[in-house]
Amino acid sequence: MKILVLNCGSSSLKFALIELPNYQVLTSGNEERVGINDSFITFRNLAGEKVKRHYDIPNHTRGVEIILDILKEEGFVASFDEIDAIGHRLVHGAERFAESVRISPEVVSMLHECSQLAPLHNPANILGIEAVTKVLPQIPQVGVFDTAFHQTMPEHAYMYALPYEFYDKYRIRRYGFHGTSHDYVSAKGAELAGLDRSQIKIVTAHIGSGASMAAVLNGKCIDTSMGLTPSEGLIMGTRAGDIDSGVIDYILSKKDFDPDFIAPYLKNLVPGKTHFDPEDVTYLLTKKSGVAGISTQGPDMRDVDAAAKQGSHRDLLALAMHAYRVKKYVGAYAAALGGLDLLVFTAGVGENRAALRSDVCSGLEFLGIKLDEQLNSETFGGKSQVISAPDSRVKVVVVATDEEYMIARDTYDILSK
């Protein structure tokens, strides 16, 4: 079965053509700047070489058309009839979706209802579904949810200490994200460590521009760092993560900010404005904070690393804060699990930044964590392996995440029933 996996962002469209049950990635790529000038696509050709082409991609429908044309022109499929299914990454399923589902008009309607909980992600995901429906209406589609893996959290972990009526009426609670990645790397990490996921205590750290952690007990998620939205938890590329709600109150209540000072942090610039509106605070916390807010270099860790090596205090501070927050969650989740057998790092920063892994694990010897620093320094660029020392009681593993495989697998399983 040939499955086209789509991951639609507001201005991007990642894709992969995967063949199952004998897992093979035929090609993968990414369209960027969709709906913006200078849009382009990168993909792997039949020889495995990376190709970049510039196109006018005004919307997601055109983006899907371009991907399909490339699949045919490059010889990955002789006709579109060879594509058996489309698997979509869907960010927020709220409590409505605890597992992957076949897409139907009813499912799309429910996704619209969930968009209030993920306004940056769900509308883009829906655009992807609508684009495929318009271009290839006969091909079955399956939705795989970021939130689904976390639906096993117990009530005491997912509830917020708000009046219970806010949950009862509006379902305000912790949902968590990156679930497809946490599911994959907890299983793959256990396999690499020679452990049985169904019998151990795991902490998974998905550290990229967006970042989250999960506590996995015997293969089931019991807690995760992101909450109602993808803004809670770790310090991220541009997101503040955990923050005192009083800070938000203070920013909203202050009416006499210097207008020149706040201008870069307003969602919509209004000359002379001296206060923040709620949408401005959301913009500040999600687009202007995190590593980008503390460092001098913005969110890219490679740039921050380079500046830190030159002695930049702010960049050194950003790196220290970033690693410290991850370390705090490792300790918290070890407590929630009642111990720890396996720690897994994944995603762009987690897979490639040895210094982060070293900083996080340093001082956690009391938990039984001991890195092999040589192995740690050699692990990057998609390499998956154990990086803990032979005498480390807790296994530490780096796993190159493969969300596309998980989406394709669920799509295959649902359509094979």
Side-chain angles (χ1 to χ4, degrees), residues 91-92 116-121 146-147 150 153 157-163 166-167 170 172-178 203 205-215 223-258 261-267 275-299 301 304 313-333 335-336 347 349-350 356 359-360:
V91 169
H92 212 311
Q116 185 178 350
L117 298 173
L120 299 178
H121 298 87
D146 269 10
T147 49
H150 304 303
M153 284 188 291
Y158 70 67
M159 286 293 293
Y160 289 119
L162 295 169
F166 282 78
Y167 169 73
Y170 298 109
I172 296 176
R173 50 158 285 184
R174 178 181 308 284
Y175 289 100
F177 300 88
H178 298 135
V203 171
H206 177 107
I207 315 297
S209 179
S212 66
M213 294 177 66
D223 204 351
T224 190
S225 59
M226 284 180 168
L228 175 74
T229 74
S231 298
E232 188 180 356
L234 303 176
I235 293 171
M236 304 177 224
T238 62
R239 283 171 263 181
D242 293 337
I243 192 167
D244 176 6
S245 62
V247 172
I248 300 171
D249 292 340
Y250 176 80
I251 292 173
L252 284 171
S253 65
K254 186 173 172 61
K255 304 300 180 185
D256 57 351
F257 279 104
D258 179 341
F261 172 80
I262 68 169
Y265 309 114
L266 299 175
K267 184 175 183 181
H275 68 279
F276 283 87
D277 293 321
E279 62 268 22
D280 297 322
V281 175
T282 298
Y283 179 72
L284 171 69
L285 294 177
T286 60
K287 296 295 185 181
K288 293 290 185 176
S289 298
V291 173
I294 298 296
S295 74
T296 65
Q297 297 299 308
M301 283 297 206
V304 178
H313 171 71
R314 281 178 53 182
D315 293 278
L316 287 165
L317 178 61
L319 295 177
M321 291 172 64
H322 183 259
Y324 179 66
R325 186 72 62 86
V326 177
K327 180 184 290 188
K328 281 176 62 175
Y329 268 93
V330 173
Y333 285 164
V349 179
L356 167 75
D359 288 345
V360 169

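In what follows, every heavy atom counts, from backbone to side chain, and hydrogens, waters and symmetry copies are set aside.
Here the shortest heavy-atom pairing between Gly208 and Ala347 reads N-CB, 3.9 Å. The shortest heavy-atom contact between Leu284 and Ser289 is O-OG, 2.5 Å. Of all non-hydrogen atoms in Ala318 and Val304, the two that sit nearest each other are CB-CG1, 4.5 Å. Nearest heavy atoms, Ala214 versus His150: CB-CE1, 4.3 Å.
For Tyr324, there are no ring pair (Phe, Tyr, Trp, His ring centres under 6.0 Å) partners at least two apart in sequence or on another chain.
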For this session: Output, in order, the C-alpha distance, side-chain angles, deciding distance and verdict of side chain to side chain contact (heavy atoms under 4.5 Å, CB included) for Phe276 and Leu266.
Result: CA-CA 7 Å; Phe276 283 87; Leu266 299 175; 4.0 Å; yes
Problem set entry | Pair Tyr160-Leu228, side chain to side chain contact (heavy atoms under 4.5 Å, CB included): steps then yes or no | CA-CA 9 Å; Tyr160 289 119; Leu228 175 74; 4.3 Å; yes
For this session: Tell me, with the steps shown, if His92 and Phe177 meet ring-ring contact (aromatic ring centres under 6.0 Å, His included).
Result: CA-CA 8 Å; His92 212 311; Phe177 300 88; 5.1 Å; yes
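With respect to Lys267, the side chain to side chain contact (heavy atoms under 4.5 Å, CB included) criterion is satisfied by exactly one of Val281, Asp277, Asp280: Asp280. Exactly one of Ile294, Leu234, Val291 qualifies for a side chain to side chain contact (heavy atoms under 4.5 Å, CB included) with His322. That residue is Val291.
Looking only at distances, no side-chain donor or acceptor of Thr238 sits under 3.5 Å from a matching main-chain atom of Gly290. Counting only distance, with no hydrogens or angles, the side chain of Tyr175 and the backbone of Asp146 share no donor-acceptor pair below 3.5 Å.
Counting heavy atoms from C-beta outward, Asp359 and Leu319 have side chains that stay 4.5 Å or more apart. Looking at heavy atoms from C-beta onward, Leu285 lies out of side-chain contact with Ser231 at the 4.5 angstrom threshold. By the 4.5 Å heavy-atom criterion applied to side chains, Tyr167 and Ile172 are not counted as neighbours. With a 4.5 Å cut-off on side-chain heavy atoms, Val326 and Met213 count as touching.
To the nearest 0.5 Å, atoms CE (Met301) and OG (Ser295) are separated by 8.5 Å. Note that CG of Leu252 and NZ of Lys254 are 13.0 Å apart. Values are rounded to the nearest 0.5 Å. Rounding to the nearest 0.5 Å gives a distance of 13.5 Å between CZ of Arg173 and CG of Leu162.
Remark: Lys255 fails to qualify as a cation-pi partner of Phe257 under the 6.0 Å distance and 45° angle criteria applied to the six-membered ring.
Within 6.0 Å of atom NZ in Lys327, more than 12 heavy atoms from other residues, nucleotides or ligands are found, so the atom counts as buried in its surroundings. Around atom CZ of Phe166, no more than 12 heavy atoms belonging to other residues, nucleotides or ligands sit under 6.0 Å away.
A donor-acceptor pair shorter than 3.5 Å cannot be found between the side chains of Tyr329 and Asp223. Between His178 and Ser212, the side chains place a donor N or O and an acceptor N or O closer than 3.5 Å (distance only, hydrogens not considered).
Annotation: salt bridge (Lys or Arg N to Asp or Glu O under 4.0 Å) contacts involving residues 230-241, sequence neighbours excluded, comprise Arg174-Glu232.
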